[in-house]
Each structure stands twice: as structure tokens, then as C-alpha cells.
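Report on the following structure.
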2 protein chains.
Amino acid sequence: MRETSAAKACTGCADTDPALAFAQHDHSHCAQALLLRAEAVADAAGARLTPVRRRTLEILLEAHRALGAYEVLDRLAADGFGKQPPVAYRALEFLVEHGLAHRIRRLNAFAACMHPGEVHAPAFLICRLCGAVAEAPAGPLRAALDAKAAGLGFVVERANIEALGLCPACVGKASCT
Amino acid sequence: MRETSAAKACTGCADTDPALAFAQHDHSHCAQALLLRAEAVADAAGARLTPVRRRTLEILLEAHRALGAYEVLDRLAADGFGKQPPVAYRALEFLVEHGLAHRIRRLNAFAACMHPGEVHAPAFLICRLCGAVAEAPAGPLRAALDAKAAGLGFVVERANIEALGLCPACVGKASCT
DNA sequence: TTTTCTATGTTATAGCATAACCCGTCAAGA
DNA sequence: TCTTGACGGGTTATGCTATAACATAGAAAA
């Protein structure tokens with residue numbers, strides 16, 4: 001278990017200090033809270049958070065990092081769900097559609113959303129050394145993008161903003177390169 | 001040929017009016033100019049724009065849209081180059097590394113860079129109906145992203161900003177949906 | 001209850017990307 | 001001149017990512 005060893009108090013991955021995005025912490029209770037929020041979000045949308053879907057979200061939350069679809073699939077299969085790719089892809093698609101997870105294209109991977117329910121345009125910060133992924137609020141960025149696009153007559157519906165670089169923990173290690 | 005039918009004057013895809021990003025135009029001479037610029041860029045970097053690499057760039061320029069690696073490969077093979085995936089991927093990787101082309105992850109595709117040599121952080125506007133891709137300057141966005149990341153102790157090295165939506169030509173068609 | 005729609009599972013296949021190896025070319029140094 | 005090493009480009013083979021198409025079961029609506 002990656003995350004249980006860190007005793008650092010978790011003030012909530014979900015909705016408080018973004019500076020904790022890269023901090024190691026025990027987030028089991030944030031995960032709990034996020035699951036509850038997910039139920040509410042799905043309910044509000046008239047969608048059903050079925051067992052596979054719920055378990056898929058749990059898997060993403062437990063991993064606390066971005067997982068490939070096939071990694072998710074393996075864990076679903078181990079839990080007695082179907083073991084063919086569409087099982088994972090469908091569940092993940094559902095989560096992404098309802099804003100409960102995000103797809104990180106640079107990694108061909110998926111990560112649980114840390115702010116479900118809120119309207120948000122996230123930017124992802126991906127550490128190229130340790131693979132950690134943080135979800136940073138990008139409202140202003142998104143607004144700027146929309147404005148820029150509007151100037152060209154383009155209407156933005158969805159946007160991916162993904163940055164590759166070094167996280168706080170790795171930025172030191174890499175400097176000796 | 002997609003682009004030769006449009007008689008609209010091309011004031012230069014490369015370096016002038018971004019409003020032409022989505023305009024159909026005969027860009028054969030911009031392509032010529034971009035190839036020259038590419039030679040200069042490669043030369044300045046001490047890299048060699050070999051026949052395969054040059055031809056790959058030409059292919060992207062001729063297509064005037066994003067091409068999958070296998071599409072590029074087919075055309076390379078037709079021109080007598082190797083016909084195995086690594087041939088295309090290596091050439092494309094070279095072009096991307098030297099800022100002569102961009103990888104558009106949302107499409108698993110590659111497109112020629114319209115502003116080679118300039119330091120630029122492009123944002124891509126992808127039309128979900130016609131598939132057109134425009135490269136919009138995103139300097140301010142990138143600056144904002146860097147600042148946001150810095151606040152979290154993250155150092156951005158590369159960023160992808162990709163927007164999915166409707167281009168000027170398609171925004172009308174879609175309104176009746 | 002019957003119908004209908006949604007969800008889950010399957011098989012099969014398509015599409016994207018890279019590892020590992022071989023060989024030829026070219027330039028620098030022995 | 002010969003050798004050596006870096007680089008480029010070609011190959012075979014394989015792995016990873018994603019979706020199409022179809023079958024079945026269960027929930028919701030009529």
C-alpha cells in the first residue's frame with residue numbers, strides 16, 4: 001500500500017489545500033468522502049453507480065495515481081467482475097462522462113477526480129520521474145483558452161491540459177543530471 | 001487534393017494571421033517556406049534532416065491535417081522508404097523533438113508545426129465534426145500554467161493543451177442537433 | 001405481465017507503439 | 001589505411017491500447 005505509510009494529516013484531497021496535491025498522505029477517508037460525493041453526483045444526473053462502476057472508482061481512489069485501463073481491468077477481474085477490456089473501458093467511460101474520473105491522454109491512463117460535482121476544468125501535472133499526477137484547478141486557463149478559441153471562431157467543448165515535468169519531490173533528484 | 005481547390009490567397013500559414021488557421025487555402029508555398037525553415041532549424045541544432053525525415057515532414061505539410069503514424073508510414077512506403085512502423089515513428093519523433101511537428105494525443109496523430117523555430121507553446125483546436133486541427137498560439141496560457149504549477153512546486157517541462165469542439169465551418173451544422 | 005431500455009458480459013479484431021537486432025555509412029583517431 | 005564508434009534506417013516480432021459486434025440478464029416503464 002503506497003499511501004498508508006505516510007502519517008501526514010490529510011486535510012482532504014477533495015476540496016481543500018491544492019498544495020497537498022503532491023503530498024503523500026493517508027487519504028482513505030477522502031476516498032470515502034469522494035465515494036459518497038460520487039453517489040450524489042450520479043444520482044443527480046439520473047445515472048446509476050452500479051457495482052462495477054463503483055468498484056472501478058474505488059480502484060482508482062485506492063491506487064491514488066493514474067491507472068491504465070488494463071490495470072483497472074485486472075483488479076476488477078480479481079474482484080469477480082468481467083475480465084474483458086470493454087468491462088473496464090465502459091466503467092471508466094461512465095466515470096469520465098460524469099466527471100468522477102479523468103482520462104490522462106499522455107499516460108493512456110485514468111485517475112479519480114478529486115473534485116467531483118464541481119464544475120471544473122482541470123490541468124494535470126505529471127511527474128516524469130515518479131509518475132505522480134496532480135489535478136490542479138485551471139479555471140482561468142480554461143477561460144483564456146475559450147477566449148483565444150473564440151477569436152478564431154472556434155467553440156471549445158472539452159479541453160485537456162496536461163503538463164509533463166518534475167514534482168516537488170523529484171525536482172531535486174533530477175538537478176544532478 | 002484537399003487544399004488545391006481553394007483559391008483563397010494564402011498570406012502564409014506559417015507566421016501571419018492566426019485567423020487563417022481554419023481557412024481553406026492553397027498553402028503549397030507555405031509548405032515550401034516551412035521546409036526551408038525546417039532545414040535551418042535542424043541545421044542550427046546540429047541535426048540532420050535526412051531524406052526520410054524530410055519526406056515525413058512534407059507528407060504532414062501536404063496533408064494539411066493531422067495524420068496517424070500508420071498513414072504517414074503508408075505514404076513513406078509508397079515513396080520507397082521502409083514500411084515498418086519504427087520507420088515512421090522514428091521520423092515523427094525526430095520532427096517532434098526538434099519542434100518541426102506536434103503530436104496530438106487526443107487523435108493519436110501528428111501534424112506539421114506551423115511555426116517552427118519560434119519558441120512557442122501551442123494549443124490545438126480540434127473540430128469534432130470535420131477533424132480539422134488548428135494550432136493556436138498559447139504563450140499566455142502556458143505562462144499561466146507555469147505559474148500555477150510553480151505554486152505547487154512543480155516544474156513544467158512540456159505541456160499539451162488540446163481543445164475539442166467545433167470549428168467555424170461546423171459550428172452552424174451542429175446547432176440543429 | 002409484457003415490453004423496453006440499460007447494463008454487463010462475451011469473442012474477436014482493429015489500431016497504436018516500441019523492443020531488439022542487423023547492417024551500411026560516415027567521420028575521427030590510431 | 002585501418003579501425004572504431006556513432007548514427008541512421010531497415011527488419012522481425014511483440015506488446016499495449018481500444019473498440020466493434022453480439023448475447024444475456026436485470027431494472028424500469030407501460
Side-chain angles (χ1 to χ4, degrees), chain A residues 38-39 42-43 45-60 66-98 100-111 128 131 160 162 164, chain B residues 38-39 42-43 45-60 66-98 100-111 128 131 160 162 164:
Chain A
E39 305 253 22
D43 217 54
R48 291 159 42 197
L49 192 64
T50 60
V52 219
R53 292 168 176 173
R54 182 187 170 90
R55 183 64 195 126
T56 300
L57 180 55
E58 283 176 9
I59 287 169
L60 292 180
L67 294 181
Y70 281 68
E71 284 182 277
V72 171
L73 180 57
D74 286 345
R75 303 184 192 200
L76 284 174
D79 291 344
F81 294 100
K83 55 187 178 201
Q84 304 304 325
V87 172
Y89 279 100
R90 281 197 286 239
L92 289 166
E93 184 187 20
F94 173 89
L95 295 176
V96 169
E97 247 171 29
H98 290 82
L100 300 173
H102 296 289
R103 183 172 198 158
I104 295 154
R105 307 204 87 101
R106 180 140 214 151
L107 302 176
N108 291 325
F110 300 81
R128 71 170 158 85
N160 293 81
E162 300 178 2
L164 191 70
Chain B
E39 305 252 23
D43 217 54
R48 290 160 47 199
L49 192 64
T50 59
V52 218
R53 293 169 176 173
R54 182 187 168 90
R55 183 66 195 126
T56 300
L57 180 54
E58 284 176 8
I59 287 169
L60 291 180
L67 293 181
Y70 280 67
E71 285 183 278
V72 171
L73 179 58
D74 286 345
R75 303 184 193 200
L76 283 174
D79 290 344
F81 294 100
K83 54 188 177 200
Q84 303 304 325
V87 172
Y89 279 100
R90 282 196 287 239
L92 289 166
E93 185 186 20
F94 173 89
L95 295 176
V96 170
E97 248 171 29
H98 289 81
L100 301 174
H102 296 292
R103 183 172 198 157
I104 295 154
R105 308 204 85 101
R106 182 139 211 151
L107 302 176
N108 291 324
F110 299 82
R128 71 169 157 83
N160 293 83
E162 299 177 4
L164 191 70

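Computed from a predicted structure; not experimentally measured. In what follows, chains carry the letters A, B, and so on, assigned in the order in which the sequence lines appear, proteins first and then strands, with residues in each chain numbered from 1.
A donor N or O paired with an acceptor N or O is not found under 3.5 Å between the base of D:dG9 and the side-chain atoms of B:Arg53. One can find a donor-acceptor pair under 3.5 Å joining the base of D:dA18 and the side-chain atoms of A:Tyr70.
With respect to B:Arg103 and B:Glu93, no salt bridge is recorded, no charged nitrogen being found less than 4.0 Å from a carboxylate O.
Straight-line distance from the CG atom of B:Leu67 to the P atom of C:dC16: 11 Å, rounded to whole Å. Atom pair A:Asn108:CG and D:dT19:P shows a separation of 11 Å (rounding to whole Å applied). Counting to the nearest Å, the C1' atom of C:dA7 and the CZ atom of A:Phe81 are 12 Å from each other. Following rounding to the nearest Å, A:Leu107 (CG) and C:dA17 (P) show an atom-to-atom distance of 14 Å. Taking atom CD of residue B:Glu93 and atom C1' of nucleotide C:dA19, one finds them 13 Å apart after rounding to whole Å. Atom CD in A:Glu97 sits roughly 14 Å away from atom C1' in C:dA7 (whole-Å rounding). The interatomic distance linking B:Asp79 (CG) with D:dG9 (P) rounds to 15 Å, in whole Å. Atom CG in B:Leu49 sits roughly 12 Å away from atom P in D:dG8 (whole-Å rounding).
Of all non-hydrogen atoms in A:Gly68 and A:Ala109, the two that sit nearest each other are N-CB, 4.1 Å. When all heavy atoms are compared, the tightest approach of B:Ala47 to B:His98 is CB-NE2, 3.3 Å.
Listed candidates were D:dT12, D:dG10, C:dC16. Nearest to the side chain of B:Tyr89 is C:dC16. Between C:dG9, C:dA17, D:dA18, one nucleotide has an atom nearer to the side chain of A:Val87 than all others, and that is C:dG9. Minimum atom distance to the side chain of B:Pro86 is reached by C:dT18, of the listed D:dT19, C:dG9, C:dT18. Here the nucleotide nearest the side chain of A:Arg90, chosen from C:dA17, C:dT8, D:dT17, is C:dT8. For A:Lys83, counting side-chain heavy atoms from C-beta on, the closest listed nucleotide (D:dT11, C:dG9, C:dT10) is C:dT10. Of the candidate nucleotides D:dA13, C:dC16, C:dT10, D:dA13 has the atom nearest to the side chain of B:Pro85.
Remark on DNA chain C: of its neighbouring residues B:Ala109 and B:Arg48, the 5'-side contact belongs to B:Ala109, judged by nearest-heavy-atom nucleotide. With DNA chain D read from its 5' end, the first of the two nearest nucleotides for B:Gln84 and B:Thr50 is the one closest to B:Thr50. Looking at which nucleotide of DNA chain C each of A:Gly82 and A:Phe94 is closest to, the 5′-most match is held by A:Phe94.
No side-chain heavy atom of A:Leu60 sits under 4.5 Å from any side-chain heavy atom of A:Leu100.
Close to C:dA17, at under 4.0 Å from its OP1 or OP2, lies a side-chain N or O of B:Arg103.
Contact annotation for A:Arg105: no contact, since no heavy-atom pair falls under 4.0 Å across all strands.
Under the 3.5 Å distance criterion, the side-chain polar atoms of B:Arg55 are left unmatched by any main-chain donor or acceptor of B:Leu76. In this structure, the side chain of A:Glu162 engages the main chain of A:Arg105 through a donor-acceptor pair within 3.5 Å.
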